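There's a structure below that I have some questions on.
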Protein chains: 2
Amino acid sequence: MSKNAQSSAKSCSNSKQVGCDDCSLNTICMPVSLHVDDIDRLDSIIQRSKPLQKGEFLFRANDPFTSVYAVRSGALKTQLVAENGDEQITGFYLPGEVLGMDGLANNTHTNSVQALETSSVCKIPFERLEELSVTLPTLQRHFLQLMSREITQEQQIVGLLNKKNAESRIASVLLSIAKRNSQRHLSESAFMLPMSRKDLGNFLGLTTETVSRVFSRLQKNGLIAVEQKQVTLLDTPALTLLVAG
Amino acid sequence: MSKNAQSSAKSCSNSKQVGCDDCSLNTICMPVSLHVDDIDRLDSIIQRSKPLQKGEFLFRANDPFTSVYAVRSGALKTQLVAENGDEQITGFYLPGEVLGMDGLANNTHTNSVQALETSSVCKIPFERLEELSVTLPTLQRHFLQLMSREITQEQQIVGLLNKKNAESRIASVLLSIAKRNSQRHLSESAFMLPMSRKDLGNFLGLTTETVSRVFSRLQKNGLIAVEQKQVTLLDTPALTLLVAG
DNA sequence: GCCATAGTTTGATCTAGATCAATATTCTCC
DNA sequence: GGAGAATATTGATCTAGATCAAACTATGGC
């Protein structure tokens, strides 16, 4: 059994055939109070396909927009590619999180989405979702909220990049992952980073070397323990203070 | 007549009582094909109030979310305020542009919005808009697109901050304003910057000094002419190249 | 018109993080 | 299991832009 398959099996708490109503992630991706038969209707439009292997693309920039996607297991990164070829990672997506709304503006995706490890997603065709939304106002509102949250998150990142040094930025990402893990009832103090130092640096506007140095320094100062991709937060209050500072 | 009143009268091509159907900005803020009576229905929910003076707030962070707003004249800035007090400007909004969608996520605004000069806005109560959207799917879709565009714009800014130097960032903002002016059939090579050097620096993650120096350098190299807030783009291709480089 | 205040410009110096470079470690695939 | 390729760490040096400092200029209030 490969390492990827292991980690996939571990992070995917649902078997392939499970529906939304049985999915342990439904409180994250669809935290709306829907009737049982409404959930069934939602469930009926959702397509589940075979998992993406590490490095595989879910879709690419300029692909036509058809659907949004909920992550079921694994982890993915979204990225923009500039004309000159250099890439900007715009986000990391963990189980329960929804991505793909970038494609709505022009019916074409601006981001490419790539699996960081073996990952599976639920594909939600947008036209079907829109039809469903007409009779389910709370579902409609939920999607507006998801998008609004995406906007405010991006704005937070802009603030992070403009106002914070390398240590704050790294601390912020670590705490963000911790928080999202705790929402999935996983450990919020010990976890596997799904992305490389390079990806993390790209996302945060830092070089690989700086990311590595900051990890070493945080470890030396007893705020975290790092062993390859395994990270343990040893002093969350200090990390929180770092982010604020 | 004050300078502000002049610039307001100039940039506001609509008198106070004009409706959406007569508003010269409707191709920007509501570029959806609506029937005449649908426009009237939209028009009927929109509230127009007295202009904001420079420095006045449209709303503040933590205010309850009730409405989104279309800029009719003037210019506004949106900003986040961190716990430690420092501010991050998240956007500048010009006539025809819609703001306030940040409040949808938690029914509370995360941004504060402040007038950079005398400005008037159309207030669009969101609940009324939602009701209207049920029977006007194109209106619904339009709002999703507005929000999607906001997400991709923020992502572009993240890329700008992470990958580009001071000159590129400034050039990028100048070209952005030029483009938005041209959409309003104003000059795209000569315009008044509505924001201070400080605001521009805050937005772009630069100090006032650096903004000032870059302006001087771009002027010395013949790419722009600057006289206080009046900017003239003298070599748009070179500026475009700067942004790409 | 005059003053106070805020905003802008320009110069000198400093520094966080980039860049360059070398080594070490971990994956990958035969 | 081993060769080669990624990926990560650590060190030395360099630099874009910050910071500190000092004029200079526009602007709003009286």
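Here the structure is a predicted model, which means the values were calculated and not measured.
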Rounded to 10 degrees, the angle between the two terminal axes of the helix from C/dG1-D/dC30 to C/dC30-D/dG1, each from five pairs: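 Rounded to the nearest 10 degrees, the bend comes out at 60°.
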
Heavy-atom check, side chain of A/Thr78 versus side chain of A/Asp102, under 4.5 Å: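 No; the side chains remain at least 4.5 Å from each other.
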
Determine all donor-acceptor pairs shorter than 3.5 Å in which one atom belongs to a side chain in residues 232-242 of chain B; sequence neighbours excluded.
{"unit_1": "B/Asp235", "atom_1": "OD1", "unit_2": "B/Ala238", "atom_2": "N", "d": "3.1"}
{"unit_1": "B/Thr240", "atom_1": "OG1", "unit_2": "B/Thr236", "atom_2": "O", "d": "2.8"}

Do B/Gln88 and B/Gln79 come close enough that some side-chain heavy atom pair is under 4.5 Å?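 No, too far: nothing below the 4.5 Å cut-off.
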
Side chains of B/Leu161 and B/Ile157: closer than 4.5 Å at any heavy-atom pair?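 Result yes, sub-4.5 Å side-chain heavy-atom pair found.
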
Partners of A/Ser189 by side chain to side chain contact (heavy atoms under 4.5 Å, CB included), sequence neighbours excluded?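 Only A/Ser187 meet the side chain to side chain contact (heavy atoms under 4.5 Å, CB included) criterion with A/Ser189.
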
Mind checking A/Gly205 for me? I need base, sugar-phosphate or nothing, with any heavy atom below 4.0 Å counting as a touch.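 The answer is sugar-phosphate, as A/Gly205 gets under 4.0 Å only of primed atoms, P, OP1 or OP2.
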
Which residues share a salt bridge (Lys or Arg N to Asp or Glu O under 4.0 Å) with A/Glu188, sequence neighbours left out: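 For A/Glu188, no residue satisfies salt bridge (Lys or Arg N to Asp or Glu O under 4.0 Å) once neighbours in sequence are set aside.
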
Using whole Å, what does the distance between atom C1' of nucleotide C/dA16 and atom CG of A/Asn162 come to?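 That distance rounds to 16 Å.
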
Partners of B/Val71 by side chain to side chain contact (heavy atoms under 4.5 Å, CB included), sequence neighbours excluded?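 With neighbours one apart ignored, the set is B/Leu76, B/Tyr93, B/Pro95, B/Leu99.
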
Sequence neighbours left out, what passes side-chain hydrogen bond (donor to acceptor under 3.5 Å, both in side chains) with B/Arg197? Give chain and number order.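 Expected list: none.
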
Does anything in residues 163-178 of chain B reach DNA chain D, meaning a heavy atom under 4.0 Å, and if so which residues?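 The answer is B/Asn165, B/Ala166.
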
If you look only at pairs with a residue in residues 215-227 of chain A, which of them pass as a salt bridge (Lys or Arg N to Asp or Glu O under 4.0 Å), with sequence neighbours excluded?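 Sorted result for residues 215-227 of chain A: A/Glu167-A/Arg217.
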
Reading nucleotides 5-12 of chain C from the 5' end, what letters show protein touch, with B for base, S for backbone sugar-phosphate only, - for no heavy atom under 4.0 Å? ---SBBBB

What closest approach, in Å, do B/Leu160 and B/Arg169 show between heavy atoms, and which atom pair accounts for it?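 Closest heavy-atom pair between B/Leu160 and B/Arg169: O-NE, 3.9 Å.
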
Candidates B/Arg149, B/Arg180, B/Arg184 - the one meeting salt bridge (charged side-chain N to carboxylate O under 4.0 Å, His left out) with B/Glu97: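 That would be B/Arg180.
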
Applying ring pair (Phe, Tyr, Trp, His ring centres under 6.0 Å), which residue pairs with at least one partner in residues 46-68 of chain A are found, sequence neighbours left out?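 Of all non-adjacent pairs touching residues 46-68 of chain A, those that pass ring pair (Phe, Tyr, Trp, His ring centres under 6.0 Å) are A/Phe59-A/Tyr69, A/Phe59-A/His109, A/Phe65-A/His109, A/Phe65-A/Phe126.
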
Go through the structure and list residues passing side chain to side chain contact (heavy atoms under 4.5 Å, CB included) with A/Glu56, not counting sequence neighbours.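 Expected list: A/Leu52, A/Gln53.
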
Length of the NZ-P vector between A/Lys54 and C/dC27, whole Å: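 Interatomic distance, NZ of A/Lys54 to P of C/dC27: 8 Å.
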
Mind listing the residues from residues 78-86 of chain B sitting with a heavy atom below 4.0 Å of DNA chain C? Number order is fine.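 Nucleic-acid contacts, sorted: none.
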
